[in-house]
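These notes concern the structure reproduced below.
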Amino acid sequence: MDQMPVQPACAIDRIQSDTDIWLEKELNMSKTRKAAIIGIGHVGAHVASALATQGFVDDILLLDQDEDKVISEVQDLNDAMLWMPHTVRIHGGDFEDLKDVDVIINCVGNISTLQVKNDRTLELRFNLEAVDSYASQIVQSGFDGVIINISNPCDVITRHLAMKTGLPKGRVFGTGTGLDSSRLISAISKKTGLNLKSIDACMMGEHGNLQFAPASVFSFRGAPLESVVPDLELDWKQLEKEAIDGGWVTFSRKHCTEYGIAATAARMTQAVLEDEQIVLPASAPLEGEYGVRGLFAGVPCVIGANGAEQVIELPLTEDELDRMQMCCTGIAKNIEKAAEIEAGLA
Ligand SMILES: NC(=O)c1ccc[n+]([C@@H]2O[C@H](COP(=O)([O-])OP(=O)(O)OC[C@H]3O[C@@H](n4cnc5c(N)ncnc54)[C@H](O)[C@@H]3O)[C@@H](O)[C@H]2O)c1
């Protein structure tokens, strides 16, 4: 016998029925938010922990050439889950599982190459070859999301990943000077006593020793920093140096950096998953902005569902533009070195 459609008997029932329909729609629409991390070393493991704790991801896939490490990290992170504020599925898998992942965070590396010198380019060969070993597997999986690259030298490896995966412009971007900006803002905060979150400042250019602080555009919510703390002479050269050297302060003593970069990458992942359209410093493709073309460099850009969606051009002084050019010349030299490595000439 055919079922009669159930009619709400009164207004309350009608409201209930409307709510159910709305809820059902919402549930159908709210898809599982998936992230994958490639390279579960110091950085990758901390990114996984930051994502799991913050609750904007439902599923985290861990990939590493060292399968034992993946088993250990999956176990350890799952051991923490009961005490975490959200329930997240954390598991190992294979590159083919990247098909329906929204964001990949690329964290491969070999930081043992950095032990003697503060020079991120020492990882160039290793990380180029690492990316070459799995980029085609990312493509073959059918992955159609956003890749955030951390691996160093960040600007060059980000470009390499973008070229190897062929994803649309902006869908591959790097953390770039994001972490360095955090170091700069922290130095300004310590000097001025102002809260970190009220300081509009960033580092730009190379995620490396050439990066610079474009102090002419910095403010305390629109007011020049000097006008908010008038008795304080800010030594921008010193603050810039603290931002550049911060990574080495951490690395030279504990032989890795992990919390700062994990928090940076987690924030960027959230900006993509929630289509935040927020301006953050990141390594983005330049096509004429700041007079530069054909490479990735650290610039403020709009981050949303499609990655680094727009590069913001700050009104830099001539000196600052020169510093930007110097950074890009340095990045271009490393791109040339990368091409020689790829061609077997270096
Ligand atoms: N951009 C930044 O601001 C920033 C900050 C910190 C670290 N880093 C960089 O992040 C990277 C990772 O740092 P770390 O401290 O975690 O290094 P690590 O040496 O502790 O870990 C690297 C991991 O990558 C894995 N790996 C290497 N080659 C692989 C491959 N082909 N396929 C899959 N997995 C592979 C290794 O097994 C290891 O687990 C390095 O390049 C480091 O310089 C960047």
- Anything under 30° is parallel, anything over 60° is perpendicular, the rest tilted; go ahead and classify Phe95 against Tyr134.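 Parallel, since the angle between the ring planes stays under 30°.
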- In terms of the angle between their ring planes, are His255 and Phe251 parallel, tilted or perpendicular, with boundaries placed at 30° and 60°? perpendicular
- Salt-bridge criterion met for Lys333 and Glu206 (N-O under 4.0 Å):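 No.
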- Item | Arg323/Glu240 ion pair, N-O < 4.0 Å | yes
If every non-hydrogen atom of [X] is compared with every non-hydrogen atom of [Y], which pair is closest and at what distance?
| X | Y | result |
| --- | --- | --- |
| Ala305 | Asp275 | N-OD1, 2.9 Å |
| Glu242 | Ala187 | OE1-CB, 3.5 Å |
| Met268 | Ala282 | CE-CB, 4.0 Å |
| Gly109 | Glu123 | CA-OE2, 3.4 Å |
| Leu77 | Ala48 | CD1-CB, 3.7 Å |
| Thr53 | His86 | O-CD2, 3.2 Å |

- For Val156, does its backbone N or O pair with a side-chain atom of His160 as donor and acceptor, under 3.5 Å? no
- Item | Flag, side chain of Glu129 to backbone of Phe126, donor-acceptor distance under 3.5 Å | no
Is there a side-chain contact between [X] and [Y], using heavy atoms and a 4.5 Å cut-off?
| X | Y | answer |
| --- | --- | --- |
| Val292 | Ile331 | no |
| Ile138 | Ile104 | yes |
| Leu234 | Thr192 | yes |
| Ile147 | Thr165 | yes |
| Val103 | Leu273 | yes |
| Ser216 | Glu320 | yes |

- Message: Within the supplied structure, the quantity of interest is the number of heavy atoms (other residues, nucleotides, ligands) at a distance under 6.0 Å from Lys197 NZ; does it exceed 12?
- Response: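 It does not: Lys197 NZ has 12 such atoms or fewer within range.
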- Just wondering, are more than 12 heavy atoms of other shown residues or ligands nearer than 6.0 Å to CD in Glu233? no
- Message: Quick check: is Val108 connected to Leu122 through a chain of hydrophobic side chains (ILVMFWY, heavy atoms under 4.5 Å apart)?
- Response: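 The answer is no; the residues belong to distinct hydrophobic clusters.
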- Query: Same cluster or not: are Phe173 and Met324 linked, directly or through other Ile, Leu, Val, Met, Phe, Trp or Tyr residues, by side-chain heavy atoms under 4.5 angstrom apart?
  - Reply: no
- Scan Asp97, Asp100, Asp58 and name whichever one has a salt bridge (Lys or Arg N to Asp or Glu O under 4.0 Å) with Lys34.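 By the salt bridge (Lys or Arg N to Asp or Glu O under 4.0 Å) criterion, Lys34 pairs with just one of Asp97, Asp100, Asp58: Asp100.
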- Message: For Val299, run the side-chain contact (heavy atoms from CB on, under 4.5 Å) check against Leu314, Ile312, Thr177, Val311 and tell me which one passes.
- Response: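 So the option named by the test is Val311.
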- Query: In a check of side-chain hydrogen bond (donor to acceptor under 3.5 Å, both in side chains) between Thr158 and each of Asn149, Thr175, Asn106, which one passes?
  - Reply: Asn149
- Task: Return yes if a side-chain donor-acceptor contact under 3.5 Å exists between Asp59 and His91, otherwise no.
- Result: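 A pair is found: one side chain offers a donor N or O, the other an acceptor, under 3.5 Å apart.
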